[in-house]
Amino acid sequence: MPVDMTKIVSLCKRRGFVFQSSEIYGGMGSVWDYGPLGAELKRNVKEAWWRANVYERDDIEGLDAAILMHPRVWEASGHVASFADTLVDCITCKKRFRVDKIQPGSKKCPECGGALTEPRQFNLMFKTHCGAVENEEGIAYLRPETAQGIFVNFSNVIDSLRRKIPFGIAQTGKAFRNEITTGDFTFRSREFEQMEIEYFVKPGTDEEWYRKWVQERLNWYIRFGIKKENLRLREHAKDELAHYAKACTDIEYLFPMDWRELEGIANRTDFDLKAHAKTSGKTLEYFDDQANERYIPYVIEPSGGVDRAVLAFLIDSYREEVVRKEKRVVLGLHKALAPVKAAVLPLLRNRDEVVRMAEGITGDLRSAFRVMYDDTASIGRLYRRQDEIGTPYCVTVDVDSLTDKKVTVRDRDSMEQDRVEASNLKAYLLDKLEGD
Ligand code: GAP
């Protein structure tokens, strides 16, 4: 059974992973800030994704497109016309509901019983204005997906990098949606981050690539520690496919509230490139010089949410144990994701030589990875603090360290201790951290 969400929310607040946005003003609905440890975790998740897709493969390039784009992008992509939820308003309490989230055919407000308006379309994009004058010409949207930044740069990347199909473009970045059904912590936010790949293939090879990408992405979550039994694949029925997709499979995770989408892998066909070619008047064809033919490539799109991945990694790694009759909370995060890689804990904070040695070690380790120094409690408490934030290794410096020049390294998961030469500590930890 997954952990209760209230425990995760409480840990996130208490230990500085996630805070409600603008909390001192009463909070901003469904907008979240990542605290010091959350910022590290999120960076590590994105880094693990980037490494796996851009560095470890030779067929994907990275991109960092702007959030603001020409408004015609969103006309061409279909978002202005179709990126909408069907909503009803309560005439009495003024609350707004998604029609697919209330009882089918109901005319009564699920909250207060008041009468509901007729359903109407509500576009999810945030609208703003660019420039000095607020008129129709200056309309801009905060992007609702990062994908379009990739499509409009398709030719730029092909031309500048001389790429041959099949190849992909990867990007991580913010996306914005004026979500109406919110709640479930960071799961559905109005400002969130995506990690998306648009993988361009020859038409006819798309179904094979689609199946490959579903497996590839499922394996990534398992590689970074999500338990297999908490993941499943769900293929979309024809009537739930997005307006651009021929097929889509969701990777779902067993969140505390239920099985929910973590990432979607869609076969977007040539929908987007064709639409942008038509609207912009530019040719977005690819010339295959070996086959001597021109075509608009098909696109397979693995599209994941950074915030949802962070939440799933937190939930999946959370465990409570009883050790020597005491409760221990552990985040068993994959070492590559752990916000802090090692903590240095001097056992005697009143012995200058011990403190100096511990500070020296901390400084040395800092050049290699994120280290925390803590001497503000008893050793039992210090260990518990580090377990709770998922620090894989704790290094203690004691009075014997002054003579034998060794320190004790404690492993988060096994709690086994190893005595290690202080001069070899950095290499020892790097080896362990890179091990699995
Ligand atoms: N480019 C395709 C696309 O955007 P999507 O299924 O709407 O597809 C992809 O979004 C991923 O983005 C989702 O699987 C989810 O992880 C994340 N996502 C979407 N809306 C979100 C929201 N409101 N809050 C957090 N993550 C969200």
Side-chain angles (χ1 to χ4, degrees), residues 18 21 28-34 38 42 45-46 49 63 65 67 69 73-74 77-79 82-85 98 101 122-126 141-152 168-199 210 213-214 217-218 220-221 226 231-236 240-253 255 257 259-269 271-273 275 299-315:
V18 181
S21 160
M28 174 88 180
S30 296
V31 186
W32 301 94
D33 295 339
Y34 286 81
K42 199 174 173 203
V45 168
K46 287 188 283 181
W49 181 88
L63 184 80
I67 289 173
M69 301 180 75
V73 167
W74 306 110
S77 69
H79 283 81
S82 314
F83 196 56
D85 281 342
R98 259 167 65 173
K101 298 285 174 192
F122 180 84
N123 198 292
L124 294 177
M125 285 195 291
F126 284 100
Y141 299 96
L142 300 186
R143 66 182 178 196
E145 60 169 12
T146 60
Q148 298 303 326
I150 298 180
F151 293 127
V152 299
I169 303 179
Q171 123 164 289
T172 65
K174 292 268 186 176
F176 304 81
R177 296 181 189 178
N178 195 1
E179 300 279 4
I180 294 303
T181 309
T182 52
D184 297 326
F185 198 28
T186 55
F187 179 83
R188 196 178 303 283
S189 308
R190 294 197 168 109
E191 175 176 340
F192 56 98
E193 226 170 319
Q194 290 187 313
M195 29 195 195
E196 298 199 296
I197 299 167
E198 305 305 324
Y199 196 82
Y210 167 66
W213 272 110
V214 171
R217 292 301 306 140
L218 179 68
W220 182 82
Y221 289 101
I226 304 262
L231 291 166
R232 72 176 189 191
L233 299 175
R234 190 183 71 79
E235 185 133 23
H236 284 210
E240 62 173 320
L241 287 172
H243 61 274
Y244 48 72
K246 162 178 160 187
C248 185
T249 297
D250 283 347
I251 298 176
E252 293 190 334
Y253 175 70
F255 283 96
M257 53 279 186
W259 288 97
R260 295 280 174 84
E261 176 187 345
L262 196 53
E263 168 157 349
I265 297 96
N267 183 344
R268 284 182 90 128
T269 68
F271 177 91
D272 300 88
L273 289 181
V299 174
I300 308 304
E301 177 194 66
S303 170
V306 180
D307 311 76
R308 284 191 195 173
V310 166
L311 187 58
F313 283 122
L314 281 168
I315 293 167

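Counting starts at 1 for both ligands and their atoms, following the listed order.
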Kindly identify the option in Glu191, Arg260, Glu196 whose heavy atom sits closest to atom 1 (N) of ligand 1. Glu196
Identify, by atom number and element, the atoms of ligand 1 in contact range of Glu263, meaning under 4.0 Å from any of its heavy atoms. 14 (O)
Within the side chain of Arg308, is there an N or O that forms a donor-acceptor pair under 3.5 Å with the backbone of Phe187? yes
Any heavy atom of Leu262 sitting closer than 4.0 Å to ligand 1? yes
Ligand 1 atoms in contact with Ser189 (distance to a heavy atom under 4.0 Å): 22 (C), 23 (N), 24 (N), 25 (C)
Report yes if Arg177 has an N/O atom closer than 3.5 Å to an N/O atom of ligand 1; otherwise report no. yes
The test is side chain to side chain contact (heavy atoms under 4.5 Å, CB included); show your working for Arg190 and Asn178 and say whether it passes. CA-CA 5 Å; Arg190 294 197 168 109; Asn178 195 1; 3.5 Å; yes
When the ring planes of His243 and His79 are compared, do they come out parallel, tilted or perpendicular, using 30° and 60° as the limits? perpendicular
Contacts of Phe176 meeting ring-ring contact (aromatic ring centres under 6.0 Å, His included) (sequence neighbours excluded), chain-then-number -> none
Based purely on interatomic distance, does Gly304 place a nitrogen or oxygen under 3.5 Å from a nitrogen or oxygen of ligand 1? no
Could you tell me which atoms of ligand 1, counted from 1 in the order shown, lie closer than 4.0 angstrom to a heavy atom of Arg268? 1 (N), 2 (C)
Enumerate the atoms of ligand 1 whose separation from the nearest heavy atom of Phe187 is less than 4.0 angstrom. 24 (N), 25 (C), 26 (N)
Steps toward side chain to side chain contact (heavy atoms under 4.5 Å, CB included) verdict (Asp250, Leu233): CA-CA 6 Å; Asp250 283 347; Leu233 299 175; over 6 Å; no
Report yes if Glu145 has an N/O atom closer than 3.5 Å to an N/O atom of ligand 1; otherwise report no. yes
Students should be able to answer this: which protein heavy-atom is nearest to atom 2 (C) of ligand 1, and at what distance? Glu301 OE1, 3.1 Å
If you scan protein heavy atoms around atom 9 (C) of ligand 1, the nearest is Ser303 OG, 3.0 Å
Considering only non-hydrogen protein atoms, determine which one is nearest to atom 12 (O) of ligand 1 and report residue, atom name and distance to 0.1 Å. Gln194 NE2, 3.3 Å
Gly264 heavy atoms, cut-off 4.0 Å: which ligand 1 atoms fall inside? 14 (O)
In terms of heavy-atom contacts, does CE of Met257 have more than 12 from other residues, nucleotides or ligands at under 6.0 Å? yes
Between Gln171 and Gln194, does the side chain to side chain contact (heavy atoms under 4.5 Å, CB included) criterion hold? Intermediate values first, please. CA-CA 8 Å; Gln171 123 164 289; Gln194 290 187 313; over 6 Å; no
If you measure every N or O of Glu261 against every N or O of ligand 1, does any of those distances drop under 3.5 Å? yes
For Tyr253 together with Phe255, are the ring centres under 6.0 Å from each other? yes
Which atoms of ligand 1 sit under 4.0 Å from any heavy atom of Tyr244? 2 (C), 3 (C), 8 (O)
Salt bridge present between Glu145 and Arg268 (N-O < 4.0 angstrom): yes
Go through the structure and list residues passing salt bridge (Lys or Arg N to Asp or Glu O under 4.0 Å) with Glu179, not counting sequence neighbours. none
Evaluate Pro144 for polar contact with ligand 1, using N/O atom pairs at a separation under 3.5 Å. no
